[in-house]
Enquirer: 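Please see the structure below; I have some questions.
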Amino acid sequence: MTKPELMARFDEWVGDPAVTRAVVEAFVADPARVGQPLLGRYLVCASSGTTGEPGLFVHDRSAMAVYRAFSVRADLMWLTAGDWVSLARRGFRWAAVVGTGGHFGGEAWMEHERRRSMWRRHTYRVFSVQQPLPALVEALEDFDPAIVTCYPSAAALLAEQQAAGRLHLRPAVFETGGESTTPAVRGLLDATWGRAVRDVYAASEFDPLAFGCDEGWLHVNSDWAVLEPVEADRTPTPRGATSSSVLLTNLANRVQPIIRYDLGDSVLERPDPCPCGSPLQAIRVAGRRDDLLAFRTSGSEQVVLVPLALASVMETTPGVRRSQLVRTGPDTLRLRLELLPGIDPETVWRQATGRLRDHLARHGLHGVQVERGTEPPEPGARSGKFHQVVGAPSRPPGSWGDG
């Protein structure tokens, strides 16, 4: 099954007749309700449209209990006795540096957990990746988290701030997820925070799907999640070969059954046992990998924009089904929009560009121009996913002065 097929028949797909698409869409239209339980009992997450269609996913209490157990499993695998002592001394403070303003998985899950107790309300905190980097650095410096969850692209910027002496994070765990981590970024993070850096493979449909080991592989929580690497025709991909996509079956969620669901990620399954000793299925993922964009302010100061932060600005604009930003010049962005049916394109364009310009202005980028793309968002040739932020790879390196 694909996301568009299931979303088109949402009311038939969901097991609770009180959970209709109209009810869920009205719920996620209100950003103030992020993390609140739908109908008093369900967690709702909205996914991006990187595979061609945004999605709405509802998780029941039993599924959330399973997801929490997987977090404990990862901690037991990753942490030493000394790490646990360090976490306890620092109050288990957990910072999630994620996209905000919508019901995206990272923010929705963290806000839901914060509502479970007064202690979590004080020790778990969401930091918006959309805010200017100096403000983010100041907020993290003040909070001094023992655990950090972050997109790799944002983590790389934080590592550079740490190297410059403007940030002094000392996490016991630094989780990265939401994007693919390039070898260069992984090297930077390892050099900055060492063995604290850990990869997590998560999705709005199941979180967390897999967690990283010291051998550089992701181990699938395959006692509750079935991942099947497949070719374009949905036949099985042999172990050791890179798949066209992967099918997910979620054995934990009963309110919204996920059965052989096409995630759209290309994965490679290890053909032999992992040297780390874990018996769980070992994979590597070629998932979302959008581009960092660097611009110069009027004062010639370089500002680097996190791709998922830019994407979330568009995703929270009413009427937008899918968006794509393409850098076309040193100070020019081309915005491509695909709209929901029956939506006035001029109204959406004004709202989308207004939000985008506000985001740029918060970073001091008042001179960046936004041009209107007449073509729809286009998928990447390699992964088939719709990269939401594209940095025009054909230009000569350094020709726009962004390093």
Enquirer: Looking at Gly99 and Gln130, what are the two nearest heavy atoms and their distance?
Expert: CA-OE1, 3.6 Å
Enquirer: Any chance the side chains of Thr237 and Glu231 put a donor and an acceptor closer than 3.5 Å?
Expert: yes
Enquirer: According to the salt bridge (Lys or Arg N to Asp or Glu O under 4.0 Å) rule, which pairs have a member within residues 22-37, sequence neighbours left out?
Expert: Arg21-Glu25
Enquirer: Which heavy-atom pair separates Pro152 from Val185 by the least distance, and what is that distance?
Expert: O-CG1, 3.7 Å
Enquirer: NE2/His219 to CE/Met77 distance, rounded to the nearest 0.5 angstrom?
Expert: 5.0 Å
Enquirer: Any non-hydrogen side-chain atom of Glu269 less than 4.5 Å from a side-chain atom of Val246?
Expert: no
Enquirer: Please examine the side chains of His112 and Met64, heavy atoms only from C-beta on, and report whether any two atoms are closer than 4.5 Å.
Expert: yes
Enquirer: So do the side chains of Leu169 and Pro145 get within less than 4.5 Å of each other, counting heavy atoms only?
Expert: yes
Enquirer: Would you please classify the geometry between the Tyr261 ring and the Trp13 ring as parallel, tilted or perpendicular, with 30° and 60° separating the classes?
Expert: parallel
Enquirer: Do the side chain of Arg186 and the main chain of Val197 share a donor and acceptor less than 3.5 angstrom apart?
Expert: yes
Enquirer: Nearest 0.5 angstrom please: Glu375 CD to Leu337 CG, how far?
Expert: 10.5 Å
Enquirer: So, for Val348 and Ile343, which heavy atoms are closest and what is the spacing to 0.1 Å?
Expert: CG2-CG2, 3.0 Å
Enquirer: Return the CG to OG distance between Leu365 and Ser298, rounded to the nearest 0.5 Å.
Expert: 9.0 Å
Enquirer: If you measure only the distance, is there a donor-acceptor pair under 3.5 Å linking the side chains of His59 and Gln256?
Expert: no
Enquirer: Tell me which one of Phe143, Trp94, Tyr151 satisfies ring pair (Phe, Tyr, Trp, His ring centres under 6.0 Å) with Phe127.
Expert: Phe143
Enquirer: Specify the closest pair of heavy atoms between Leu158 and Trp193, including all atoms of both residues, with the distance to one decimal.
Expert: C-CH2, 3.9 Å
Enquirer: Could you check whether any side-chain heavy atom of Ile147 comes within less than 4.5 Å of a side-chain heavy atom of Tyr124, counting everything from C-beta outward?
Expert: no
Enquirer: Could you walk me through whether Leu268 and Trp217 satisfy the side chain to side chain contact (heavy atoms under 4.5 Å, CB included) test, starting with their C-alpha distance in whole Å, then the side-chain angles of each, then the deciding distance to 0.1 Å, before giving a yes or no?
Expert: CA-CA 10 Å; Leu268 182 148; Trp217 292 85; 3.5 Å; yes
Enquirer: State, yes or no, whether a side-chain contact exists between Tyr42 and Asp16 at a heavy-atom distance under 4.5 Å.
Expert: yes
Enquirer: Give a yes or no answer on whether the side chain of Arg120 reaches the backbone of Thr123 with a donor-acceptor pair at less than 3.5 Å.
Expert: no
Enquirer: Kindly assign one of parallel, tilted or perpendicular to the pair Trp119 and Phe92, based on the angle between their ring planes and the thresholds 30° and 60°.
Expert: perpendicular
Enquirer: Applying salt bridge (charged side-chain N to carboxylate O under 4.0 Å, His left out) to Arg284 and Glu215, what does each step give before you reach the verdict?
Expert: CA-CA 11 Å; Arg284 285 181 177 152; Glu215 299 295 327; over 6 Å; no
Enquirer: To the nearest 0.5 Å, tell me how far Arg121 CZ sits from Arg115 CZ.
Expert: 7.5 Å
Enquirer: Do side-chain atoms of Glu141 reach the backbone of His168 as a donor and acceptor pair under 3.5 angstrom?
Expert: yes
Enquirer: Quick one: which residue pairs count as a side chain to side chain donor-acceptor pair (under 3.5 Å) with a foot in residues 155-164, not counting sequence neighbours?
Expert: Gln161-Arg166
Enquirer: Using the rule salt bridge (Lys or Arg N to Asp or Glu O under 4.0 Å), only one of Asp190, Asp214, Asp83 pairs with Arg195; which is it?
Expert: Asp83
Enquirer: Does Leu310 form a side chain to side chain contact (heavy atoms under 4.5 Å, CB included) with Leu356? I'd like the steps, not just the answer.
Expert: CA-CA 8 Å; Leu310 282 168; Leu356 179 57; 3.9 Å; yes
Enquirer: Without swapping roles, check the side chain of Arg198 against the backbone of Val173 for a donor-acceptor pair under 3.5 Å.
Expert: no
Enquirer: Give a yes or no answer on whether the side chain of Trp78 reaches the backbone of Gly212 with a donor-acceptor pair at less than 3.5 Å.
Expert: yes
Enquirer: Between Thr353 and Arg372, is any pair of side-chain heavy atoms under 4.5 Å apart?
Expert: no
Enquirer: Could you tell me whether a side-chain N or O of Gln281 sits under 3.5 Å from a main-chain N or O of Leu227, the two making a donor and an acceptor?
Expert: yes
Enquirer: Sub-3.5 Å donor-acceptor pair from the side chain of Gln131 to the main-chain atoms of Ser128, do we have one?
Expert: yes
Enquirer: Could you measure the distance from the CZ atom of Arg334 to the OG1 atom of Thr374? Nearest 0.5 Å is fine.
Expert: 5.5 Å
Enquirer: What's the shortest heavy-atom distance between Ala159 and Leu188, and which atoms?
Expert: CB-CG, 3.8 Å
Enquirer: Which residue in the set Phe211, Tyr201, Tyr67 passes side-chain contact (heavy atoms from CB on, under 4.5 Å) when paired with Asn221?
Expert: Phe211
Enquirer: Is the backbone of Glu175 close enough, under 3.5 Å, to the side chain of Thr149 for a donor and an acceptor to pair up by distance?
Expert: no
Enquirer: Under a 3.5 Å cutoff, is there a donor and acceptor pairing between the side chains of Glu5 and Thr2?
Expert: yes
Enquirer: So, do Val98 and Val129 sit near enough that their side-chain heavy atoms are less than 4.5 Å apart?
Expert: no
Enquirer: Measure across Val220 and Leu280 and return the closest heavy-atom pair with its distance rounded to 0.1 Å.
Expert: O-CB, 3.4 Å
Enquirer: Going from OG1 on Thr328 to CG on Leu333, what distance comes out if it is rounded to the nearest 0.5 angstrom?
Expert: 7.0 Å
Enquirer: Crowded around Arg254 CZ? As in, over 12 foreign heavy atoms under 6.0 Å?
Expert: no
Enquirer: Please report the C-alpha distance between Phe295 and His363 in whole Å, then the side-chain angles of each, then the deciding distance to 0.1 Å, and finally whether the ring-ring contact (aromatic ring centres under 6.0 Å, His included) criterion is met.
Expert: CA-CA 10 Å; Phe295 293 97; His363 291 265; over 10 Å; no
Enquirer: For side chain to side chain contact (heavy atoms under 4.5 Å, CB included), just list the numbers for Val126 and Thr100, CA-CA rounded to whole Å, side-chain angles, deciding distance to a tenth of an Å, and then say yes or no.
Expert: CA-CA 8 Å; Val126 174; Thr100 59; 3.6 Å; yes
Enquirer: Might you work through the side chain to side chain contact (heavy atoms under 4.5 Å, CB included) test for Cys45 and Trp109, ending with a clear yes or no?
Expert: CA-CA 8 Å; Cys45 298; Trp109 175 259; 5.7 Å; no
Enquirer: Would you indicate whether the side-chain heavy atoms of Glu205 and Asn250 approach each other to under 4.5 Å?
Expert: no
